[in-house]
Visitor: 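I'd like to ask you about the structure that follows.
Keep in mind that this is a model prediction, so the values were computed, not measured.
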Amino acid sequence: MGFVFPRVLNRFSNPSTVVSWNSSIRANVAQGLYQTSLLLFRQMIQSGAPPDRLTFPFVLKACARISDVPALQSVHAHIVKDGLCLDVFVATAMMDAYFKCGLAGDAEKLFDGMTERDVAAWNVIIAGLFEACSIDRVFSHFRQMRVGGILPDSLTMISLTQSCARMRSLCLVKAFHCLGICIGVRDDVSVLNTWVAAYAKCEDLSSAELVFTEITAEARSIVSWNSMMASYAYFGRSEQAIHLFCSMSQKGIRPDLSTAVSLLAAFNHSEALFEGMQVHGLAVKAGFELDVSVTNTLISLYSKCGDVEAARYCFEYMSERTRVSWTALIHGYARKGDIEETLSLFGAMEAAREKPDVVTVVAFLSACSQTGSLELGRLMNRYAIANGVFDNVVVLNALIDMYAKCGCVGNARRLFDSMTDKTVVSWTTMIAGHAMNGDAEEALDLFSRMLESKLKPNHVTFLAVLQACTHGGFLEKGWYYFKMMNRVYHIKPRLEHYACMVDLLGRRGRVKEALEFISSMPFEPDGGVWGALLGACIMHHETDIGEYAANWLFELDPQAAVSYVSMANIYAEKKRWDGVAKIRMMMKRSGARKFPGKSIVQIDGKGHSFTVEDRNHADGLQIYEILDGLALQLKEQGNVTDLECNLGI
């Protein structure tokens, strides 16, 4: 900027007309030289050249881009002085600048004072209020717009659809989709891209796919492909995401930053480290590895995949760290159970003047929930109180979840009972907490109280209720709540709800009925459903149905070892050693590997992980000497080891 600035000034040092000044200011704004643009505007005023309605929009844009509120207010004063505040073109640009400087209230006052409003003015107020998270005001202004006889356009539809998506309101997204078709914007690719993203956020992947297929191959932009890839990532459909990426590449469309972020997000789970590393390589090849959003996603990916060293490597080589960067790495160490390093990073984050916010606290607590790190969770509880975020409903929900998953259901319930503003998430979290801790009756009683409070349960609430029925063995109640979902609340059961019912039927010994129930499902059962049936077959010694369920699991995921091991246990219990040998051979051919289980023990704030036959711990000799003694005592008391350990699988 310092080198371009003098050249621009020399070229326009004595502009003779307003047109010359306007051209100079516009050229600098286009190049991103916003400070230069404002300096030129001041020189224009000093020269006596009168700014016109074409000058101010570019000057206002420069103020907005650098969030220079004093400069914005000064320009506003010039607009009033020159009598242009009632010009709809200038007033709209000024309103947009106030919104982008974070002054939504001032922007609304400007809008209210406008005597003439065109569709562009309405679009700015609707989009600005959406960015300011004033969703109710968005719809209020849209109603006023319609009453005033202004026909919405593509930009209106985009802002309204995004507002609906933020509310997770599928019915409103569909309503505005219909309106968009009626007013003729269905061929606008930007609107279609927004509909794809909105349907995904409202958890309607099939509708997102349908809209994407309606975009012609010629009309699809990189944003179209990225929106669909991000939708697959949101649903954890990594295979579909990579397939879509390959289709995009075959058509000669070059990936951009959003492509890299969407693909990385698709593999942002514990079982996709190898695929995530491949996408990392793709990002490096494309030259995106230094972008902060890509690096943040990489830190999150490696953290969630358990490779915290790789996450730390990415973090250390960042030239610019954001709050997201710190939060992602802290989450990784907390998941690992490393209290010492987690707290060290937390302190370093504050020292770097990146104050942890609600998102950081919730991510921290989420990691504690997943690892059972009660000590770490309690520390974060105290931090939330000391830093004024304890009363935030999202933080309270995360604390309830953490205490419940760490086995302190009493602490979780006391927090829940103390809440004055309980959301659906609050009730659902507490119901699930009671269910996972064996308090099935308390969970169902809490659900009844939730219904009495007039809050509408969602699909996650019903999943928690069905899990409570499963843990309590309440088959009749399970059927009652399963049917209630659709009949009363018009919530269509998902695969996970069907899996719960299969599990419940299986636990009660109704294995054949569970198989019939699977056959009546309106969609193809997944591994969770067949796995629940196979588990029931192990429990009730059902070899034939177990073989049927296992064969489906072998087909759905031939490299998942758990189905082979489960079927081998069924054969072994029946003394069918030929069956055990067959399973061992199938497992070898498929390349399936049984990874050893891992346990994490926290002592003095440090996490210690152990796997089967792992002798690498510094205190390994003492630890296994004690374990061998315990095993000997168990044997003397007549206890036998698990079959699974003796099958050689």
Side-chain angles (χ1 to χ4, degrees), residues 127 130-131 133 135 138 154-155 157-181 185-186 188-217 219-248 253 255-269 272 275-276 279 293-294 296-297 300-301 304 359 424-425 458-460 463 490-497 523-524 526:
F130 165 73
E131 293 296 336
C133 299
I135 304 300
V138 167
S154 296
L155 292 177
M157 282 297 103
I158 289 170
S159 295
L160 290 169
T161 304
Q162 289 173 335
S163 298
C164 299
R166 181 171 286 177
M167 294 170 62
R168 300 295 191 268
S169 176
L170 180 60
C171 61
L172 281 177
V173 170
K174 289 182 175 180
F176 283 112
H177 188 169
C178 292
L179 178 61
I181 292 170
V185 299
R186 66 178 300 174
D188 187 313
V189 70
S190 297
V191 175
L192 291 167
N193 295 340
T194 306
W195 285 340
V196 170
Y199 276 119
K201 286 180 182 176
C202 292
E203 303 192 3
D204 187 351
L205 183 60
S206 58
S207 292
E209 290 175 320
L210 186 62
V211 174
F212 180 76
T213 56
E214 287 179 355
I215 308 174
T216 62
R220 283 178 190 166
S221 64
I222 185 65
V223 179
S224 310
W225 293 95
N226 289 345
S227 297
M228 196 63 238
M229 263 184 272
S231 299
Y232 283 132
Y234 183 81
F235 279 83
R237 304 286 183 88
S238 48
E239 288 186 11
Q240 286 97 324
I242 200 70
H243 177 74
L244 196 68
F245 172 74
C246 292
S247 299
M248 184 185 90
I253 300 172
D256 63 3
L257 276 172
S258 295
T259 314
V261 171
S262 296
L263 274 178
L264 287 168
F267 295 105
N268 207 344
H269 55 86
E275 292 85 352
V279 179
S293 60
V294 171
N296 287 343
T297 310
S300 177
L301 183 150
K304 289 181 179 177
V359 177
V424 173
V425 176
N458 58 25
H459 69 280
V460 183
L463 182 61
H490 309 293
I491 300 171
K492 291 182 179 179
R494 305 184 181 193
L495 279 166
E496 53 265 32
H497 301 104
F523 33 67
E524 288 294 319
D526 67 351

Visitor: Gly276 and Leu264: which non-hydrogen atoms are nearest, and at how many Å?
Guide: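 For Gly276 versus Leu264, the nearest heavy atoms are O-CD2, 4.0 Å.
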
Visitor: Surrounding CD of Glu214 (heavy atoms of other residues, nucleotides or ligands, distance under 6.0 Å), is the total greater than 12?
Guide: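 Above 12, so yes.
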
Visitor: Quick check for you: to the nearest 0.5 Å, what is the distance between Leu160 atom CG and Leu179 atom CG?
Guide: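 Leu160 atom CG to Leu179 atom CG measures 8.0 Å (nearest 0.5 Å).
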
Visitor: How far does CD1 of Ile222 sit from OG of Ser227, to the nearest 0.5 angstrom?
Guide: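 Result: 10.0 Å between the selected atoms.
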
Visitor: Hey, does Met248 have a side-chain heavy atom less than 4.5 Å from the side chain of Leu244?
Guide: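 Contact flag for Leu244/Met248 side chains = no.
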
Visitor: Could you grab the distance from atom CZ of Arg220 to atom OG of Ser247, nearest 0.5 Å is fine?
Guide: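 Arg220 atom CZ to Ser247 atom OG measures 9.0 Å (nearest 0.5 Å).
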
Visitor: Does a side-chain heavy-atom distance below 4.5 Å link Leu172 with Met167?
Guide: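 They are in side-chain contact.
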
Visitor: Apply side chain to side chain contact (heavy atoms under 4.5 Å, CB included) to Leu205 and Arg237, showing your working.
Guide: CA-CA 10 Å; Leu205 183 60; Arg237 304 286 183 88; 3.6 Å; yes

Visitor: Regarding Asn226 and Ser224, do their side chains bring together a donor and an acceptor under 3.5 Å, going by distance alone?
Guide: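 Judged by distance alone, the side chains do not pair up.
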
Visitor: Heavy-atom distance under 4.5 Å between the side chains of Asn296 and Ser300, does that happen here?
Guide: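 Sidechains of Ser300 and Asn296: no contact.
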
Visitor: Between Arg166 (side chain) and Phe130 (backbone), is there a donor-acceptor pair under 3.5 Å?
Guide: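 It does hold such a pair.
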
Visitor: Can you name the nearest heavy-atom pair linking Ala266 to Ser238, along with the distance?
Guide: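 What the structure gives for the nearest pair is O-CB, 3.4 Å.
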
Visitor: If you compare all heavy atoms of Asn458 against all heavy atoms of Val460, which two are closest, and at what distance to 0.1 Å?
Guide: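 Result for this residue pair: OD1-N, 3.0 Å.
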
Visitor: As an exercise, state the distance from CZ of Phe176 to SG of Cys171, rounded to the nearest 0.5 Å.
Guide: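 Reported to 0.5 Å precision, the distance equals 10.5 Å.
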
Visitor: Are Met157 and Thr194 packed together at the side-chain level, in the sense that at least one heavy-atom pair is separated by less than 4.5 angstrom?
Guide: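 SC-SC contact between Met157 and Thr194 ruled out.
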
Visitor: Between OG1 of Thr297 and CG of Leu301, what distance do you get to the nearest 0.5 Å?
Guide: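 Here the interatomic distance stands at 8.5 Å.
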
Visitor: With heavy-atom distances below 4.5 Å as the criterion, would you say the side chains of Asn193 and Val189 are in contact?
Guide: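 In short, these two side chains touch, coming nearer than 4.5 Å.
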
Visitor: Would you mind listing every ring pair (Phe, Tyr, Trp, His ring centres under 6.0 Å) that reaches into residues 220-244, with sequence neighbours excluded?
Guide: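 Found Phe212-Trp225.
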
Visitor: If you measure from CG on Leu257 to OG on Ser293, what distance do you get to the nearest 0.5 Å?
Guide: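 These two atoms lie 5.5 Å from each other.
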
Visitor: If every non-hydrogen atom of Leu463 is compared with every non-hydrogen atom of Glu496, which pair is closest and at what distance?
Guide: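 Closest approach of Leu463 to Glu496, heavy atoms only: CD1-O, 3.7 Å.
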
Visitor: So, for Met229 and Ser262, which heavy atoms are closest and what is the spacing to 0.1 Å?
Guide: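 The answer is CB-CB, 4.1 Å.
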
Visitor: Compare all side-chain heavy atoms of Ile491 with those of His497 and state whether any distance is below 4.5 angstrom.
Guide: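 No. Closest side-chain heavy atoms not under 4.5 Å.
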
Visitor: Taking only residues two or more places apart in sequence, or in another chain, which ones meet Arg494 in a salt bridge (Lys or Arg N to Asp or Glu O under 4.0 Å)?
Guide: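 Partners of Arg494 under the salt bridge (Lys or Arg N to Asp or Glu O under 4.0 Å) test: Glu203.
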
Visitor: Enumerate, atom names and distances included, each donor-acceptor pair closer than 3.5 Å involving a side-chain atom of residues 195-202, sequence neighbours excluded.
Guide:
from: Trp195; atom 1: NE1; to: Thr161; atom 2: OG1; distance (Å): 3.4
from: Tyr199; atom 1: OH; to: His177; atom 2: ND1; distance (Å): 2.7

